[in-house]
Protein chains: 2
Amino acid sequence: MLPGVSVYTPGQVVEETGFSLDTLRYYERIGLLEPIGRNAAGQRRFTQADVGWLGTIRCLRDTGMPIAEMLRFAELVREGDHTIRDRIALLEAHDRRVEAQVDNLREKQTVVQNKISYYRAVVD
Amino acid sequence: MLPGVSVYTPGQVVEETGFSLDTLRYYERIGLLEPIGRNAAGQRRFTQADVGWLGTIRCLRDTGMPIAEMLRFAELVREGDHTIRDRIALLEAHDRRVEAQVDNLREKQTVVQNKISYYRAVVD
DNA sequence: GCTTGACCTGGAGTGGGCTCCAGGTGGGAT
DNA sequence: ATCCCACCTGGAGCCCACTCCAGGTCAAGC
């Protein structure tokens, strides 16, 4: 590796991203990550770009995007700049789903809170 | 059934609650629903109370409570009024998790939105 | 020079939450 | 009367997203 280019060991990436080592390998296997570079001993060495991409993955996962759709997104990214409009469309659709998810969560949360209030009134 | 007591056929409950018939049967099997009453032919007839309870289930499910915990809650409800404090505790803990969930979702959503903005800037 | 520990592989196993199936019954509309 | 459709049961199957395992390699520290 070139000096000055920061690389990360698997352990460091686990630390940084919160994904387990098995999950990282799994993501690479299914093609959500491109093949990760290796050192002489065959051990993974992640680049800054890999870690950045994993950050994106983390956001999408945490907001409930299924793996199949993240794969689709990964594919678009690989295909280059002419897919940017498609990526926008994909992310916008996702954003709307997240919005709906938050709304539903909030709505159901108030029901839960009302139930708590009701129980409090009974108990006091 | 007594006249004036409203009962629901499985199909009506599916309609009302949005749970599939299979899911309703599954919930009964695992004890999340108490044994549902039957007509002469052995078909389920849900009471108003059953449907109300399913509404609670729907809220808890939609806010991400695992089935095991809903079972615990169902157990508390069955045990009677002396468990109300426990139910409050359970629901409050859940409420806090929902809050955290919403916060996380919102935070990750802004990242997604920033990504969209970035792509927009590239494309325009 | 030996141990420890981080890492490797391919493949099997897990857990949660349903969902489907085969084979059968009963009741309401035509 | 007959058809169809909603419903029944026990049990198997499915999907998703990991997670674990056995058996092996290398590097560094004691």
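Chain identifiers are assigned alphabetically (A, B, ...) following the order of the sequence lines, protein sequences preceding nucleic acid strands; residue numbering begins at 1 within each chain.
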S.K.: Could you tell me whether A:R58 sits above the aromatic face of A:F19, with NZ or CZ closer than 6.0 angstrom to the six-membered ring centre and within 45 degrees of the axis?
M.R.: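 Flagged: A:R58 positioned over aromatic ring of A:F19.
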
S.K.: Can you find a heavy atom in the side chain of B:D62 that is under 4.5 Å from one in the side chain of A:N104?
M.R.: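 Yes, close enough: below the 4.5 Å cut-off.
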
S.K.: According to a strict under-4.0 Å criterion, is A:Y27 in side-chain N/O contact with OP1 or OP2 of D:dA17?
M.R.: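 No, because none of the side-chain N or O atoms of A:Y27 sits under 4.0 Å from OP1 or OP2 of D:dA17.
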
S.K.: Does some side-chain heavy atom of B:V7 sit less than 4.5 Å from a side-chain heavy atom of B:F46?
M.R.: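 Sidechains of B:V7 and B:F46: no contact.
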
S.K.: Nearest whole Å is fine: how far is D:dC18 P from A:E28 CD?
M.R.: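 Atom-to-atom, A:E28 to D:dC18, this comes out as 16 Å.
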
S.K.: Distance check needed: C:dC8 C1' versus A:L24 CG, whole Å only.
M.R.: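 So the CG-C1' distance, A:L24 to C:dC8, works out to 14 Å.
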
S.K.: Below 4.0 angstrom, which residues in residues 48-77 of chain B have at least one non-hydrogen atom near DNA chain D?
M.R.: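 Residues of residues 48-77 of chain B that come under 4.0 Å of DNA chain D do not exist, since none gets that close.
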
S.K.: Please state how far atom CD1 in A:I30 lies from atom P in D:dC16, giving the value in whole angstrom units.
M.R.: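 Interatomic distance, CD1 of A:I30 to P of D:dC16: 11 Å.
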
S.K.: Which of these nucleotides, D:dA17, C:dT19, C:dC8, is closest to any side-chain atom of A:Y26?
M.R.: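 My answer, after comparing the listed nucleotides, is D:dA17.
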
S.K.: Among residues 13-23 of chain B, which contact DNA chain C at a heavy-atom distance under 4.0 Å?
M.R.: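 Within this stretch, B:S20, B:D22, B:T23 sit under 4.0 Å of the strand.
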
S.K.: Less than 4.0 angstrom between a side-chain N/O of A:R44 and OP1 or OP2 of C:dC7, yes or no?
M.R.: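 No, because none of the side-chain N or O atoms of A:R44 sits under 4.0 Å from OP1 or OP2 of C:dC7.
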
S.K.: With a 4.0 Å cut-off on heavy atoms, is B:R25 in touch with a base, just the backbone sugar-phosphate, or nothing at all?
M.R.: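 Base, at least one base atom sits under 4.0 Å.
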
S.K.: What I want to find out is whether A:D103 reaches A:R106 closely enough, with some N-O distance under 4.0 Å, to be called a salt bridge.
M.R.: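 Here A:D103 does not pair with A:R106 in a salt bridge, since their nearest N and O are not under 4.0 Å apart.
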
S.K.: Expressed in angstrom and rounded to an integer, what is the separation of A:Q12 atom CD from C:dA6 atom C1'?
M.R.: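 In whole Å, C:dA6 C1' and A:Q12 CD are 12 Å from each other.
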
S.K.: Report yes or no: does A:R25 contribute a side-chain atom to a donor-acceptor pair with the main-chain N or O of A:R29 at less than 3.5 Å?
M.R.: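 No, because the side chain of A:R25 does not come within donor-acceptor range (under 3.5 Å) of the backbone of A:R29.
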
S.K.: Nearest-Å distance, CD (B:Q43) to C1' (D:dT9)?
M.R.: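 Spelled out: CD on B:Q43 to C1' on D:dT9 is 13 Å.
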
S.K.: Within this structure, what is the CG-to-P distance between A:N39 and C:dA6, rounded to whole angstrom?
M.R.: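 Whole-Å distance recorded here is 16 Å.
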
S.K.: Determine whether B:T47 and B:D50 satisfy the following criterion, side chain to side chain donor-acceptor pair (under 3.5 Å), listing intermediate values before the conclusion.
M.R.: CA-CA 5 Å; B:T47 65; B:D50 293 327; 3.1 Å; yes

S.K.: To the nearest 0.5 Å, what is the distance between CG (B:L91) and CG (B:L76)?
M.R.: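 The distance works out to 9.0 Å.
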
S.K.: Provide, to the nearest angstrom, the distance between the CG atom belonging to A:L33 and the P atom belonging to D:dC18.
M.R.: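 Roughly 12 Å, once rounded to whole Å.
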
S.K.: Should the pair A:E92-A:R85 be classified as a salt bridge under the 4.0 Å nitrogen-to-oxygen rule?
M.R.: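 So A:E92 does not pair with A:R85 through a salt bridge.
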
S.K.: Expressed as a whole number of angstroms, how long is the span from B:L32:CG to C:dG16:C1'?
M.R.: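 For the pair B:L32 CG and C:dG16 C1', the rounded distance is 14 Å.
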
S.K.: So B:W53 and B:Q48, do their side chains get closer than 4.5 Å, heavy atoms only?
M.R.: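 The answer is no, as the side chains (C-beta and beyond) never meet within the 4.5 Å cut-off.
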
